[in-house]
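The block underneath contains the structure these notes are about, expressed in C-alpha cells.
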Amino acid sequence: MKKILITGALGQIGSELTMKLRDMYGSNNIIGSGINKRKTEVTETGPFEIVDVTNAKEIYEAAKKHNVDWIVHLAAILSATGEKKPELAWNVNMNGLYNILEVARENGCGVFTPSSIAAFGPSTPKDNTPQDTLQRPETMYGVTKVAGELLCDYYFKKYGVDTRGVRFPGLISYKTLPGGGTTDYAVHIYYEALKNKRYTSPIARGTYMDMMYMPDAIDAIINLMEADGAKLTHRNAFNVTAMSFEPNEIYNEIKRHIPDFQMDYDVDENLQKIADSWPNSLNDTMARDEWGWNPKYDLAKMTQDMLEKLKTKI
Ligand code: VAH
C-alpha cells in the first residue's frame, strides 16, 4: 500500500489531490503537510504535518515518522509572486526541491513534482510546443522549473530516485483559489461573472495560454505515478494540456450561461510580459503515448461544471 507525503497540501492542487488520494488509498496513508496549519478537510480527515520545505530536517522527520514511499512535492512560489520576490522563489522552489530529493534518496522514496509551461521562454516554438525543445525562460519561476526538471532527471540517473513530473498549464478549479500565478485570471473570471456579472481582465485579448481543469490535473498526477516506470522514456517533465484559450474566448463561453456578463481589459504589464513569454499551445503526444494521458474537459465542459459548482459555493 502506497504511503504518500504531500507538500503544499493546502494549496490549489494539494487540497484536491490529498482528498482524492485518501479516497483511493485510505486516509491514514496520505499525509498532508504545509508550512502552516488551518482547519480544512485536509487537516481534519487524515494525518497532517507542519513542514517548511526549506527545512530538510522537517521533511526528513515527516517522511520517517510515516514511513512514506512517495513524496508529491507541490509547495512552490508561482510566477507572478516569483517576479516580485525572486529570492524567495529560488529558496522555496530550488532549495526546497533539493531537500525533497535528498530525503527521497536517503529513504528510497519516489518523487512527483510538477513543472510548468513556464519552463519555456520567448525563444521556444510557441505553437504546438514540442516535448523536447529550447527552454530559456525569462522569469525566476521559469528558471526554477527548468532547473528543477534537470535536478529531478539527475537524481533519477545518478541515484535511481524514481522522479516523475508534468509541465502543468494554468489550472482552473473551484475548491481552492490559486495564489500568485499569471493564469489566475482564468479562475477569478468565473467568480466575478457570478458575483458581479462584470470582470476586468489583466491579460490582453488574444493572449493564448494552455489551461486545464483540476480534475484532469489530478488524474495526470495519479496516472503518471501509477505508470510502469520501465515504459517511461521521459520523466521530468511531460508536456500536458487540455485546452488553449485567450480571455475573449473564456468570456464568450461564460456569456453563454450568463448573457449579461460584461468584460473589459486593464492589462497588467508585469503579468502580460510573463504570459507573452510562454507558449500558445503545447504538444502533449509523449504523455499520451508513454502513460495514456487523456484529458476529459474542454472549455465548454469546464465552464458548465465551474459555474454549477461555484453557484453552490458563493
Ligand atoms: C502560474 N498557475 O501562473 C501557474 C502555472 C502555467 C502557469 O505555472 O504561475
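Keep in mind it's a predicted model, so treat the numbers as computed, not measured. Counting convention: from 1, in listed order, for ligands and their atoms alike.
- Considering every non-hydrogen atom in both Val103 and Ala56, the closest pair reads CG2-O, 4.1 Å.
- Counting atoms of ligand 1 from 1 in the listed order, those under 4.0 Å from a heavy atom of Ile117 are 6 (C).
- The shortest N or O to N or O distance between Asp184 and ligand 1 is not below 3.5 Å.
- With salt bridges taken as basic N to acidic carboxylate O contacts below 4.0 Å, none links Lys37 and Glu49.
- If you check the side chains of Asp219 and Asn223, you find no donor sitting under 3.5 Å from an acceptor.
- Contact annotation for Ala80 and ligand 1: no heavy atom of the residue comes within less than 4.0 Å of the ligand.
- Counting only non-hydrogen atoms, the option in Leu271, Thr81, Thr182, Ile274 that gets closest to atom 3 (O) of ligand 1 is Thr182.
- With ligand atoms numbered from 1 in the order given, ligand 1 contributes 5 (C), 8 (O), 9 (O) to contacts under 4.0 Å with heavy atoms of Tyr141.
- Within ligand 1, counting atoms from 1 as listed, the ones closer than 4.0 Å to a heavy atom of Gly170 are 6 (C).
- Residues Lys126 and Asp276 approach most closely at NZ-O, 2.8 Å, considering heavy atoms.
- Ring pair Tyr251/Phe261 is tilted by interplanar angle, where 30° to 60° counts as tilted.
- Ranking protein heavy atoms by distance to atom 2 (N) of ligand 1, first place goes to Thr183 OG1, 3.0 Å.
- Near Phe168, meaning under 4.0 Å from any of its heavy atoms, are these atoms of ligand 1: 6 (C).
- Within the structure, the closest approach of Pro169 to ligand 1 falls below 4.0 Å when heavy atoms are considered.
- Counting the atoms of ligand 1 from 1 in the order shown, those under 4.0 Å from a heavy atom of Ser79 are 1 (C), 3 (O), 9 (O).
- For ligand 1, the atoms sitting less than 4.0 Å from at least one non-hydrogen atom of Leu78 are 9 (O), numbered in the order shown with element in parentheses.
- Panel note: side chain Glu246, backbone Tyr208; no donor-acceptor pair is recorded below 3.5 Å.
- Side-chain contact of Glu138 with Ser277: a donor-acceptor pair under 3.5 Å is absent, judged by distance alone.
- Using a 30° and 60° split on the angle between ring planes, Tyr174 and Tyr213 fall in the tilted class, from 30° to 60°.
- Looking at ligand 1, you won't find any N or O of Trp278 less than 3.5 Å from one of its N or O atoms.
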